Amino acid sequence: MCPYRLVLEHVTSRWGVLVLIELLDRPHRFSELRRAIGRVSEKMLTQTLQTLERDGLVHRDAKPVIPPRVDYSLTDLGREAAQQVRDLALWTERRMADVERAREAYDDAKRA
């Protein structure tokens, strides 16, 4: 697999998209991010954050306090990617009625 396709897969994965968009607003602690995204398991969120961190899109800031505090934020590269993903999400929201009409037309043609 081409390296850029692998990064594209990480950025556009189900949880990758939601993490990037959520972190656009502000840094989040793990539990805040999990609540904001909803329905993501701890394991999947951890894997997603680690993958995005490895790709240089997310910064993990572990503070040496008790109890431990870890904040996640976007790097400059991550912010750029997140803005692109958010734009695509907004386009999808704006054009959903057109997509639904196209689906109905397709389904009607298949039934005929």
Side-chain angles (χ1 to χ4, degrees):
M1 183 178 272
C2 297
Y4 80 89
R5 289 178 71 178
L6 191 56
V7 174
L8 184 61
E9 186 177 299
H10 298 162
V11 170
T12 60
S13 71
R14 177 179 184 182
W15 304 117
V17 166
L18 297 175
V19 165
L20 290 171
I21 290 173
E22 194 61 40
L23 289 177
L24 261 174
D25 293 334
R26 64 177 178 81
H28 284 69
R29 294 178 74 175
F30 184 89
S31 57
E32 291 177 312
L33 196 53
R34 188 166 180 217
R35 277 192 304 274
I37 292 172
R39 297 187 337 175
V40 60
S41 70
E42 188 172 319
K43 178 182 176 183
M44 280 308 305
L45 183 55
T46 297
Q47 288 177 350
T48 300
L49 287 165
Q50 288 173 343
T51 299
L52 295 174
E53 182 181 7
R54 183 171 184 259
D55 288 343
L57 305 177
V58 168
H59 174 72
R60 181 181 185 271
D61 183 21
K63 295 179 174 41
V65 295
I66 298 175
R69 180 183 172 108
V70 179
D71 291 305
Y72 294 92
S73 60
L74 294 174
T75 63
D76 290 341
L77 188 61
R79 181 162 298 285
E80 186 179 341
Q83 289 167 340
Q84 298 294 320
V85 169
R86 182 184 59 193
D87 288 346
L88 180 58
L90 292 172
W91 175 87
T92 304
E93 185 179 342
R94 282 193 314 271
R95 300 305 301 255
M96 197 60 216
D98 296 318
V99 170
E100 288 172 351
R101 280 193 293 279
R103 286 176 176 173
E104 288 173 14
Y106 179 89
D107 292 345
D108 290 346
K110 285 291 190 182
R111 283 191 285 268

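None of the values given here were measured: they were computed from a predicted structure.
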Q: Please round to the nearest 0.5 Å and tell me the distance separating atom OG1 of Thr48 and atom CD1 of Ile37.
A: 8.0 Å
Q: With rounding to the nearest 0.5 Å, note down the distance linking NE2 in His59 to CG in Leu74.
A: 11.5 Å
**Q.** Note, Phe30 side chain near Leu49 side chain (heavy atom, < 4.5 Å)
**A.** yes
(Q) So which atom in Arg39 and which in Arg14 form the shortest heavy-atom distance, rounded to 0.1 Å? (A) NH2-NH2, 3.4 Å
Q: Mind checking the CZ-CZ spacing from Arg95 to Arg101? Nearest 0.5 Å is all I need.
A: 8.5 Å
**Q.** Neighbour count above 12 (heavy atom, 6.0 Å) for Asp76 CG
**A.** no
Q) Does atom CD of Glu32 have more than 12 heavy-atom neighbours, drawn from other residues, nucleotides or ligands, at distances under 6.0 Å? A) yes
Q: Can you measure from CD (Glu104) to CD (Glu100) and round to the nearest 0.5 angstrom?
A: 7.0 Å
Q | Straight-line distance of Asp55 CG to Leu77 CG, nearest 0.5 Å | A | 8.5 Å
Q | Heavy-atom pair of closest approach, residues Tyr72 and Val58 | A | CD2-CG1, 3.9 Å
Q. Do Arg111 and Asp108 sit within salt-bridge range, that is, some charged N less than 4.0 Å from a carboxylate O?
A. yes
Q. Which heavy-atom pair separates Asp61 from Lys63 by the least distance, and what is that distance?
A. OD2-NZ, 2.6 Å
Q) Is a side-chain N or O of Arg79 found less than 3.5 angstrom from the main chain of Leu24, in a donor-acceptor match? A) yes
Q: Measure the shortest side-chain to side-chain distance between Gln84 and Leu88 over non-hydrogen atoms and say whether it is less than 4.5 angstrom.
A: no
Q.
For Lys110, is there an ion pair with Asp107 - N to carboxylate O distance below 4.0 angstrom?
A. no
Q: Please report the closest heavy-atom contact between Met44 and Val40, naming both atoms and the distance.
A: CB-CG2, 3.9 Å
Q: Drop me the distance from Arg69's CZ to Arg29's CZ, to the nearest 0.5 angstrom.
A: 4.5 Å
Q.
When you measure from the side chain of Arg60 to the backbone of Val70, do you find a donor-acceptor pair of N or O atoms at a distance under 3.5 Å?
A. no
(Q) Can you give me the closest heavy-atom contact between Leu57 and Ala81, atom names plus distance? (A) CD2-CB, 4.4 Å
Q) Is the count of non-hydrogen atoms from other residues, nucleotides or ligands lying under 6.0 Å from Arg26 atom CZ greater than 12? A) yes
